[in-house]
Amino acid sequence: NLGARRAALPSAITGLPTEGGWSAVLRMPQTSDDLAVELLDRGVVVHPGYFFDFDHEGFIVVSLLTEPDVFDEGVKRIAS
C-alpha cells in the first residue's frame, strides 16, 4: 500500500505534500548528489531531485513501489 509507505516516513524526514503517485520527494539538509552517493554506499538507491527538475539542492526522490521490508530498511538508513 503506497499510502502506508508514505505514512511510514519518519517525522525527521520532511516530505513534500502529495496527493498520490508512486514516489515521495524528501527535503534533506545535504546536497542531493552528495547524499545520493552516500546512501548508495549504504545500500540505498534514491534519485537526486534534479532528475525531477528541482532547481535547487536538498531534495531526493524515493520509490514507494519497493517491498515493504526493503522500504522500511531504506528509510531507516536515510534517517540515520
Side-chain angles (χ1 to χ4, degrees):
N1 177 314
L2 301 181
R5 289 191 195 118
R6 186 175 279 111
L9 294 170
S11 60
I13 300 174
T14 305
L16 295 183
T18 61
E19 294 183 17
W22 50 81
S23 59
V25 178
L26 309 178
R27 182 183 297 257
M28 305 299 290
Q30 292 174 267
T31 63
S32 302
D33 279 345
D34 292 345
L35 182 57
V37 170
E38 179 184 325
L39 289 170
L40 187 59
D41 288 343
R42 293 174 20 200
V44 179
V45 178
V46 300
H47 299 290
Y50 67 82
F51 281 20
F52 294 84
D53 293 329
F54 284 88
D55 59 357
H56 56 283
E57 288 292 330
F59 292 101
I60 60 172
V61 179
V62 298
S63 173
L64 300 174
L65 296 176
T66 58
E67 294 295 325
D69 56 333
V70 173
F71 180 80
D72 292 343
E73 181 60 30
V75 168
K76 287 178 191 173
R77 292 179 188 185
I78 291 170
S80 66

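All values reported here derive from a predicted model rather than from experimental measurement.
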For the hydrophobic clusters of this structure (ILVMFWY residues joined by side-chain heavy atoms under 4.5 Å, transitively), does one cluster hold both [X] and [Y]?
{"X": "Val45", "Y": "Trp22", "answer": "no"}
{"X": "Phe54", "Y": "Tyr50", "answer": "yes"}
{"X": "Phe52", "Y": "Val25", "answer": "yes"}
{"X": "Val70", "Y": "Val44", "answer": "no"}

Rounded to the nearest 0.5 Å, how far does CG of Leu35 lie from CZ of Arg42? 8.0 Å

Starting from the C-alpha separation in whole Å, work towards a yes-or-no answer on side-chain contact (heavy atoms from CB on, under 4.5 Å) for Ser23 and His47. CA-CA 10 Å; Ser23 59; His47 299 290; over 6 Å; no

Just list the side-chain donor-acceptor pairs under 3.5 Å for residues 57-69, sequence neighbours left out, or say none.
from	atom 1	to	atom 2	distance (Å)
Glu57	OE1	Ser32	N	2.6
Glu57	OE1	Ser32	OG	3.4
Ser63	OG	Leu65	N	3.0

